[in-house]
Amino acid sequence: MAASMSQIKENQATSKSGSWSTVVASLAALGSVIAASSCCLPLLPFLFAAGAAGTSAFVAQLRPYLLILSVLLIAFGFYKSWRAKQCNCKPSRISTFLLWFSAIVVFVFIFFPQVIANLVADLLAGKS
C-alpha cells in the first residue's frame with residue numbers, strides 16, 4: 001500500500017513537469033510559426049485583400065437582411081429597456097448609452113450609406 005502511494009505522488013510530480021514542458025513546447029511552436037511567417041509577410045496583405053473582396057461581395061447581397069435584423073434587434077433592446085423600467089429595474093448608464101449609440105449608428109448607415117462610403121474611402125486614401 002505504501003509503495004502505491006509513493007508511485008501516485010511520483011506520477012503527480014511527473015505530470016506537473018510534463019504540463020510545463022507542454023506549455024514551453026507550444027510557445028516554441030508558436031514562435032517558430034511567427035519567425036517562419038516573416039519570410040512570407042509581404043504575401044499576407046494580398047491574400048487578406050483578396051479574401052476581403054470576396055467577403056464584401058457576399059455581404060453586399062445580405063445587406064437588406066442585415067439592416068432589417070439590426071432594426072429588429074435595436075427595437076428589441078428598447079423593448080427590454082422599457083420592460084426593465086416597468087419592473088423597477090433601472091438599466092445601467094452604459095447599457096443605455098450603448099443602446100442609443102447603436103440606434104444612431106444603424107440610422108446613419110440606413111439613411112446615409114453613400115456619405116459613410118465616401119467618408120471611409122477618403123480616410124483610407126489619406127485625404128482629410
Side-chain angles (χ1 to χ4, degrees):
M1 185 77 171
S4 65
M5 290 299 283
S6 64
Q7 286 177 342
I8 291 172
K9 288 182 182 180
E10 187 177 308
N11 287 341
Q12 288 176 347
T14 305
S15 69
K16 285 182 183 178
S17 66
S19 66
W20 175 250
S21 63
T22 304
V23 170
V24 171
S26 299
L27 290 175
L30 183 64
S32 67
V33 167
I34 291 171
S37 69
S38 66
C39 297
C40 306
L41 198 56
L43 181 63
L44 293 179
F46 295 113
L47 292 174
F48 176 74
T55 303
S56 173
F58 175 72
V59 172
Q61 295 174 350
L62 297 177
R63 186 175 186 271
Y65 303 110
L66 293 174
L67 289 175
I68 290 170
L69 180 66
S70 297
V71 169
L72 290 175
L73 290 175
I74 297 254
F76 181 69
F78 277 110
Y79 170 75
K80 292 293 281 186
S81 177
W82 175 75
R83 282 292 289 167
K85 289 178 185 174
Q86 297 297 320
C87 297
N88 293 327
C89 297
K90 186 178 179 187
S92 69
R93 287 181 179 235
I94 293 173
S95 65
T96 304
F97 171 77
L98 288 175
L99 181 61
W100 279 102
F101 179 75
S102 301
I104 291 169
V105 168
V106 169
F107 175 81
V108 169
F109 273 70
I110 288 174
F111 291 108
F112 305 107
Q114 194 59 46
V115 173
I116 298 298
N118 291 340
L119 179 67
V120 171
D122 288 344
L123 287 175
L124 291 176
K127 296 179 183 177
S128 295

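Heavy atoms only: backbone and side chains are in, while hydrogens, waters and symmetry mates are out. Along the sequence shown, residues are numbered consecutively beginning with 1.
- Environment of CZ in Phe112: sparse, with no more than 12 heavy atoms of neighbouring residues, nucleotides or ligands closer than 6.0 Å.
- Under a hydrophobic clustering in which Ile, Leu, Val, Met, Phe, Trp and Tyr are joined whenever their side-chain heavy atoms come within less than 4.5 Å, directly or via other members, Phe78 and Phe107 fall into the same cluster.
- In this structure Ser95 satisfies the side chain to side chain donor-acceptor pair (under 3.5 Å) test together with Ser92, sequence neighbours excluded.
- Val71 and Trp100 end up in the same hydrophobic cluster when Ile, Leu, Val, Met, Phe, Trp and Tyr side chains are linked at under 4.5 Å.
- Rounding to the nearest 0.5 Å gives a distance of 11.5 Å between CZ of Phe76 and OG of Ser81.
- A distance of 13.5 Å separates CG of Leu99 from CD1 of Ile94, quoted to the nearest 0.5 Å.
- The CD1 atom of Ile116 sits 12.0 Å away from atom CD1 of Ile110, with the distance rounded to the nearest 0.5 Å.
- Taking hydrophobic clusters as Ile, Leu, Val, Met, Phe, Trp and Tyr residues chained together by side-chain heavy-atom distances below 4.5 Å, Val106 shares a cluster with Val115.
- Residues Leu72 and Leu67 do not share a hydrophobic cluster, defined by chaining ILVMFWY side chains whose heavy atoms lie under 4.5 Å apart.
- Within a 6.0 Å radius of CG in Leu123, other residues, nucleotides and ligands contribute more than 12 heavy atoms.
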Check step by step if side-chain contact (heavy atoms from CB on, under 4.5 Å) holds for Leu69 and Tyr65.
-> CA-CA 6 Å; Leu69 180 66; Tyr65 303 110; over 6 Å; no
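- Leu66 and Leu73 are not part of a single hydrophobic cluster, where members link through side-chain heavy atoms under 4.5 Å apart.
- Across Ile74 and Ala103, no two heavy atoms sit closer than the pair CD1-N, 3.5 Å.
- Ring geometry for Phe101 versus Phe97: interplanar angle under 30°, hence parallel rather than tilted (30 to 60°).
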